[in-house]
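Chain A is the first sequence line, chain B the second, and so forth, proteins listed ahead of strands; every chain is numbered from 1. Worth knowing before you read on, the calculation uses all heavy atoms, side chains too, and leaves out hydrogens, waters and symmetry mates.
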Amino acid sequence: MWFARGRYILERLVRGLPIILAIVVVNFFLIRLAPGDAAQVIAGEAGAASEEYMAQIRRQFGLDQPLYIQFLSYMKNIVTFDLGYSFRHGREVSSLIFDRLGATAILMGAAMVISVTLGTLLGAIAAMRDRTIVSHIIVIFAVVSYATPLFWVGLMLIIVFAIQLGWFPTSGIITVGADYTGLRAVIDVLHHLVLPAVALSCFYMALYARLMRSSMLETLGQDYIRTARAKGLGDRSILVVHALRNAVLPVLTMAGVQVSGMLGGSVIVESVFGWPGLGLLAFESLFARDINLLLGIFFLSSILVVVTNAVVDVIYTIVDPRIALNTGRTNG
Amino acid sequence: MDHLVTSRRLFNGLLLGTAFGALLPASQALANPQPGGTLTITTTPEPAIITNALSSAPTTAELATKIFDGLLEYDLELKPKPSLAESWTISPDGKTITFKLRQGVTWHDGKPFTSADVQFALMEVVKKFHPRGQGNLGPVQSIDTPDAHTAVFNLAHPYPPLMMGLSSLESPIVPRHIYEGTDFRNNPAVNAPIGTGPFKFARWEKGNFIQLDKNENYWRPGRPYLDRLIVRFIADSATRAAGIERGEIDVATFGTINPVEMRRLETLPHLAIAKGGYEAIAPVMMLELNVQKPPFDDKRVRLAVAYALDRTFITRAIWHGFGKPAVGPISSFMKGNGAFTDQNILRFDVRDRLEIANRLLDEAGLKRGANGMRVKIFHDPAPFGEDWRRMGEYIKQALARVGIDVELRNRDYPSFVRLVHNEYDFNMTSTWSIGMADPTLGVQRQTWSKTINRAVPFGNVSQYSNPEVDKLWEAAQTEIDPAKRNQIFHKLQELLVADSPIIWLMEMDLVAVQNKRVKDLITSPLGLRGGLYETWIQR
């Protein structure tokens, strides 16, 4: 069984390769549709520039080459996993991305754990206590947090918990200049993590709670639940073994989507909380027309999407053994 | 996005706008400077590089001017002061300038600073790579180094503005031993610079902060006072405001916090507005008109726009008083060296300005149509933030009153540069320009016909070409008599306003918000773009 799963993932990944390549090609040309190039941005930021200066930058960035030459050299690099160089930052794209990966992973990971756990729990409770005051409160809470703009939640948290109460710092990932090490440094990061993670969780938690509730309600109405009840199984056993396991599938799908989007980070939360993650990096590189960097982030994101999809499909089969791995060519 | 921004603003106003906190006079304690401490500044956007010999981007300059020194500094009257150069003599014909350099200065890596560094930095780096290098050092043909502490500048012709362009902001001295024979732009030292300045580069966490540490061997004895300088990058304006409100940040530079928010923060007991420190930058906000295309190829239409806009309203309502109405291209910040004048200048703030505007438009043959509009134009506001978009909205309303139908085109930065500055696809665009300490260095490029160049953004984008104006600019480049030179500038001020290829709206105050525990923040005409070696923190 495990061998089959491993082979399945591998096959999925191999079949994902052409998709990833197609994404790279489309991205490469799509980005170039936006007017303006990196040399103009840099010269513009400088306030004034001479013609030689602009020509110098273009030559250095390779922007003076014909498009197909730029494309060929980019593709050559990509197949060897060389993401290229960000001339704007004067560094390798891979090192720029790698530097920001940690911050993004911590934030998204924390938000993921909080939102999946609490969301599933709240959704299940709301379904079990359907049409009670508890369920109404949960549903209203979910709708409100789902509909509230993220930046507003973020600013509210900052105003209440950072400015008024002074419990947490307003922004950043570490206390800059404090030079903490060891455990103190870990605590410092966690201290900074609380507000952004809570802000980001609100949205996803609401999503999971709503999904879980409706899925659970549907499951509870199924024949096999009635059968289980008729067999005389206890409430707890019915819920955990029969209902929860089936109801959690849509949540799983959604969580897969969340993981896929992880590399993009959350531009809004990173921006409001000054969190130095990948979302902001992508956002800034778009406005700077830092094409290599942007393509690098897109490239890694597309890989993550393909991998996550394969993994989620496998997890399905574990949660629900009725779903079989189909390694055939007809569907996938 | 627009409505989000608006609602956030409204929200801030409602929740936080209850300006509690007593209005204390900004009394500076007359205590002796206390050494030590960390100063945390926030600025935006994060610079791409921090060596300003290669870029004059504002935030690059904010960082690099702490790390590098220039040959000269300037006092608040814009008179040159010694820095790496201790003294200088100018030959009677103005073509030879001899600088005596300070002895015993070392680079951050311990190597001695010599005249060879000056020669290399100015001729091989700044003149070639700095975007304003040609303007600042163009006529300098060579620099001789007869000994380790003498640098002799040989000029093709007298060039008075040269002495105004030798600060660490314009002509930073970079080390020869690090850069010579390397590909300058890709040298790793570009983002971990070695200088002679008051602070040493320590580290850069991209997307987060840059840390500079005190240079223990700085040549100014006992300076800098601060142990450490941290520059933080936070993407959101409201979060920056929260940071300075809570005391996590000591100084927020201009442009990091919206003007309306600055007015709120100003009322808090521990915060103040730091004025000054932009005298040598002399920033002016303006509307550039495309004079090669109808309708602004007609001077009467340009003047009608100039009359139709209320500069006082723009200053007060859009920029919340952080500036004052401009007279013309040459800012009153240049009063110190006499280049500024407001005599014989056409004024647009007259009582019957709307009637005059309407009359001018009638004379230009632009009759009102059925909808009351005479002509339609495109306005591309500078993509510098919401305040600029709001000014665009005001311009649309104000010009509608005289029958000019304005369509706003808000674009992102690269698109804006390409379409407006590269393709000249616009009628009217807003921007701000730094005048620098001398009109030849900063103001000239707006209207000199030789700076009309599609390839280079932020030059003469109006494509204004007037032989009389050209002649005056060129005369000012070589005139060594200060009085005669100022007369030329006064004539330019008069001519340019009367022709209005550009509508100069407001002299900007590039104020910062600061915590009151920070003392002596602004001590030079470069302000936060200076070395900050006199700045200290009260504990």
Side-chain angles (χ1 to χ4, degrees), chain A residues 34-38 40-57 60 87-91 96 99-100 103 149 151-152 154-155 158-159 162-163 166 169-177 267 270-277 280-281 283-284 286-290, chain B residues 4 7-8 11-12 15-16 38 40 45-46 48-49 55-58 60 128-129 131-135 185-186 188 190-191 205-209 211 228 230 232-236 238-240 242-243 245-246 248 412-419 421-422 433-434 445 453 455-459:
Chain A
D37 66 27
Q40 282 171 328
V41 176
I42 290 175
E45 284 171 344
S50 66
E51 202 162 349
E52 300 85 55
Y53 179 76
M54 297 278 291
Q56 248 179 45
I57 300 177
Q60 199 200 356
F87 289 100
R88 183 180 174 79
H89 292 278
R91 278 171 69 181
L96 278 167
D99 271 7
R100 299 284 193 99
F151 78 81
W152 192 83
L155 285 176
I158 290 178
I159 288 163
I163 295 183
T170 56
S171 65
I173 185 169
I174 55 165
T175 308
V176 179
V267 176
E270 287 178 14
S271 156
V272 168
F273 290 95
W275 193 264
L280 266 184
L281 187 68
F283 189 67
E284 286 163 6
L286 176 64
F287 285 100
R289 301 286 191 267
D290 191 342
Chain B
L4 295 185
S7 57
R8 177 196 301 185
F11 157 77
N12 279 347
L15 258 129
L16 303 173
T38 298
T40 306
E46 181 171 12
I49 61 168
S55 163
S56 53
T60 298
K128 286 184 185 165
F129 293 96
R132 292 191 293 265
Q134 277 298 326
R185 219 176 269 284
N186 291 321
V190 165
N191 279 333
E205 301 268 325
K206 285 262 181 189
N208 199 352
F209 68 93
Q211 177 185 326
R228 188 175 271 183
I230 282 170
R232 285 185 58 181
F233 310 111
I234 300 167
D236 192 89
T239 312
R240 293 190 286 257
E245 180 168 0
R246 198 182 165 225
E248 290 170 15
D412 82 340
Y413 196 93
S415 313
F416 171 82
V417 173
R418 161 72 52 99
L419 295 166
H421 287 266
N422 188 249
S433 178
I434 53 180
R445 69 166 187 267
N453 186 347
V456 181
F458 297 94

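- Residues meeting the ring-ring contact (aromatic ring centres under 6.0 Å, His included) test with Phe233(B), sequence neighbours left out: none.
- Counting heavy-atom pairs under 4.5 Å between each of Thr170(A), Leu286(A), Ile174(A) and chain B puts Thr170(A) at the top.
- Per-residue counts of heavy-atom pairs under 4.5 Å with chain A were compared for Thr60(B), Val190(B), Thr239(B), Ile234(B); the largest is that of Thr239(B).
- Of the residues Thr40(B), Thr38(B), Ile230(B), the one that meets the side chain to side chain contact (heavy atoms under 4.5 Å, CB included) test with Val176(A) is Ile230(B).
- Only the side chain of Arg232(B) comes within less than 4.5 Å of a heavy atom of chain A; its backbone N, CA, C and O stay farther away.
- For Arg289(A), the salt bridge (charged side-chain N to carboxylate O under 4.0 Å, His left out) partners at least two apart in sequence or on another chain are Asp412(B).
- Contacts with chain B were tallied for Phe287(A), Trp275(A), Phe283(A); Phe287(A) has the most, counting heavy-atom pairs under 4.5 Å.
- Scanning both residues, Leu280(A) and Ala235(B), for their nearest heavy atoms gives CD2-CB, 3.8 Å.
- Only the side chain of Phe209(B) comes within contact range of chain A, with heavy atoms under 4.5 Å apart.
- The shortest non-hydrogen separation linking Arg100(A) to Lys206(B) is NE-O, 3.2 Å.
- A donor-acceptor contact shorter than 3.5 Å is absent between the side chain of Glu248(B) and the backbone of Pro169(A).
- Contacts of Ile158(A) with chain B are made by side-chain atoms alone, with heavy-atom separations under 4.5 Å and no backbone atom involved.
- Of the listed residues (Gly166(A), Gly172(A), Gly274(A)), the greatest number of heavy-atom pairs within a distance under 4.5 Å of chain B belongs to Gly166(A).
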